[in-house]
Amino acid sequence: MNGSELRERLCDPGLLREAAYMAGKWVEVETGDVAIDVRNPSTDDVLARVPDMPVETLRTAIVTAQEAQAEWAAATGKERAIILRRFFDLVMENQEDLAILLTAEMGKPLAEARAEVGYGAGYLEWFGEEAKRAYGDIVPGHARDKRLLVMRQPVGVVAAIAPWNFPSAMVARKLAPALAAGCAVVFKPAEETPLSALALAVLAERAGVPSGLVSICPTRDAQGFGREVCDNPIVKKLTFTGSTEVGRILMEQGAKKIMKLSLELGGNAPFIVFDDADLEAAVQGALESKFRNNGQTCVCANRIYVQSGIHDAFVERFSRAVAAMKVGDGFEDDTVIGPMISENAAAKFRTHLQDALEKGATVETGAEPHPRGGKWVRPTVLSGMTPDMIISKEEVFAPLAPVFRFETPQEVIALANDTVFGLASYFFARDLNQVWKVAEALEYGMVGVNTGLISTEVAPFGGVKQSGLGREGSRYGLDDFLNMKYVCMGGLG
Ligand code: ADP
């Protein structure tokens with residue numbers, strides 16, 4: 001699909017904006033301007049050209065955001081909730097168009113894109129409701145003449161930086177709690193995928209989000225954006241989703257002004273199948289957890305540990321299902337595996353695969369090169385994995401499923417926790433005692449028990465260790481965008 005085919009396919013072509021949305025204005029690309037070519041990863045066609053915004057325009061957007069935020073913070077929770085609800089309704093009314101834009105710029109199968117748009121919309125609905133519940137406390141006092149209370153106030157102007165793997169849901173996930181809390185947002189989408197973010201800005205504007213409160217700043221100068229938001233005294237908080245390496249840089253940069261941070265970083269998820277697991281359910285869970293979004297999510301199973309008694313049966317069924325997966329363009333029916341986002345991502349798959357094969361892994365299915373080469377790889381299952389292979393330590397972020405055999409629960413818990421990461425983990429077991437013990441022993445922010453799908457706006461999403469700080473979604477998600485203020489009233493009779 002190319003740019004004109006994309007425009008024709010949309011019911012509302014107004015959602016495809018070749019512009020940035022800065023300080024309440026749409027900034028189009030002028031002839032001769034530096035621009036970012038947004039490409040369809042499946043065909044390499046150029047879909048659109050968006051401006052490559054320089055840091056100076058970001059500064060203006062930050063100042064405008066500060067002005068708009070003062071007014072927005074003064075609105076009641078209910079007033080903000082009404083706008084967020086309208087935003088949610090508009091996203092759902094335009095779900096198909098938003099899904100088409102998403103598949104076009106990112107490559108994931110259209111069915112997954114529809115699900116992502118709905119999932120993201122859930123955050124707008126949820127936090128719209130939560131906007132009314134930013135409760136404070138009255139604290140029983142420590143002195144007769146004093147009354148103590150705690151109020152919660154918006155942190156102010158927030159910067160947000162997002163990756164390309166969920167171009168739509170990441171926007172909703174960050175905008176929704178920030179707006180609900182009464183904050184303004186300057187948002188940097190990934191360079192590869194700005195179109196979904198811009199389409200959501202169109203809908204935000206239609207929903208009545210005040211002018212200047214939200215800016216969407218496509219730029220190739222990610223470092224410049226990061227430095228500016230960390231240095232600029234107006235920006236009070238940064239919410240970042242991406243790699244641990246970049247998260248660490250931003251944390252260091254933010255240290256200068258003791259910046260409030262939410263970081264959702266890399267993972268290295270273990271997926272454990274115990275002997276007493278429901279085999280069919282475990283296979284299904286592994287397929288969902290490993291291959292969703294072509295293996296390109298931070299909660300994808302990265303290491304699959306299967307106990308000896310069930311190992312061979314699991315590998316056989318799992319590999320059969322993986323061998324049947326259709327690799328193709330996200331717009332073709334039945335596609336399960338689209339292209340990788342880039343040739344670099346596919347190269348990482350090949351490096352991890354080769355490393356495992358050199359160290360003795362067995363190919364159960366896949367592995368051979370895809371005829372289209374470049375960004376295209378085959379979903380692959382390996383067995384006979386050992387802890388010295390790269391994939392046992394690093395996130396592969398690709399449809400490569402390595403299966404490790406284990407004997408005892410103690411052994412597998414030690415292996416599962418032997419990583420600097422701590423985002424998602426999964427296990428399948430039926431023994432209740434085992435379920436409790438393993439859920440408690442896993443050093444992760446999230447544990448899926450007998451399921452491979454855990455993401456929802458109603459639950460706290462986030463990691464421990466080097467997987468990050470803060471939580472997105474749930475009743476806890478608003479806290480990241482609120483400051484707590486304690487007021488001590490003295491001299492009362
Ligand atoms: P990924 O491997 O998923 O692309 P990255 O952490 O490299 O993960 O990128 C996630 C987001 O962070 C993208 O929007 C990218 O442009 C941005 N980014 C990359 N480097 C920096 C940086 N030094 N400062 C600020 N943002 C950055």
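For the numbers below, each heavy atom of this structure counts, side chains included, while hydrogens, waters and symmetry mates do not. Both ligands and their constituent atoms are indexed starting at 1 by order of listing. Along the sequence shown, residues are numbered consecutively beginning with 1.
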Participant: Under 3.5 Å, is there a donor on one side chain and an acceptor on the other for Asp45 and Thr43?
Facilitator: yes
Participant: If you have a sec, work out which protein heavy atom is nearest atom 16 (O) of ligand 1 and how many Å separate them, to one decimal?
Facilitator: Lys188 NZ, 2.8 Å
Participant: What protein heavy atom is closest to atom 17 (C) of ligand 1, reported as residue, atom name and distance in Å?
Facilitator: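 Of every protein heavy atom, Ile161 CG2, 3.7 Å lies nearest to atom 17 (C) of ligand 1.
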Participant: Determine, counting only non-hydrogen atoms of the protein, whether one lies under 4.0 angstrom from atom 2 (O) of ligand 1.
Facilitator: no
Participant: Taking the six-membered ring of Phe421, is NZ or CZ of Lys393 closer than 6.0 Å to its centre and within 45° of its axis?
Facilitator: no
Participant: Does Lys237 qualify as a cation-pi partner of Phe481, given the criterion of NZ or CZ under 6.0 Å from the six-membered ring centre and within 45 degrees of its axis?
Facilitator: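 Yes, cation above the ring, under 6.0 Å and within 45°.
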Participant: Establish, for the pair Arg173 and Phe461, whether the NZ or CZ atom is under 6.0 angstrom from the six-membered ring centre and no further than 45 degrees off its axis.
Facilitator: yes
Participant: Which residue is it: Asp221, Val27, Leu58? I am looking for the one with a side-chain contact (heavy atoms from CB on, under 4.5 Å) to Met53.
Facilitator: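 Single pass found, and it is Val27.
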Participant: Considering only heavy atoms, does Trp164 approach ligand 1 within less than 4.0 Å through its side chain, its backbone, both, or neither?
Facilitator: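 The answer is the side chain.
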Participant: Taking atom CE of Met170 and atom OG1 of Thr241, what is their separation to the nearest 0.5 Å?
Facilitator: 4.5 Å
Participant: Of all the non-hydrogen atoms in the protein, which one sits nearest to atom 21 (C) of ligand 1, and at what distance?
Facilitator: Val246 CG1, 3.5 Å
Participant: For atom 24 (N) of ligand 1, which of Ala222, Ser342, Ser243, Cys298 has the closest heavy atom?
Facilitator: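 Shortest heavy-atom distance from atom 24 (N) of ligand 1: Ala222.
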Participant: Take every heavy atom of Gln223, measure it against each atom of ligand 1, and state whether any distance is under 4.0 Å.
Facilitator: yes
Participant: In this structure, which one of Val209, Leu200, Val214 forms a side-chain contact (heavy atoms from CB on, under 4.5 Å) with Leu175?
Facilitator: Val214
Participant: Has ligand 1 got any nitrogen or oxygen that is less than 3.5 angstrom from a nitrogen or oxygen of Thr241?
Facilitator: no
Participant: Which is closest to atom 11 (C) of ligand 1 by heavy-atom distance: Gly242, Pro218, Ala162?
Facilitator: Ala162
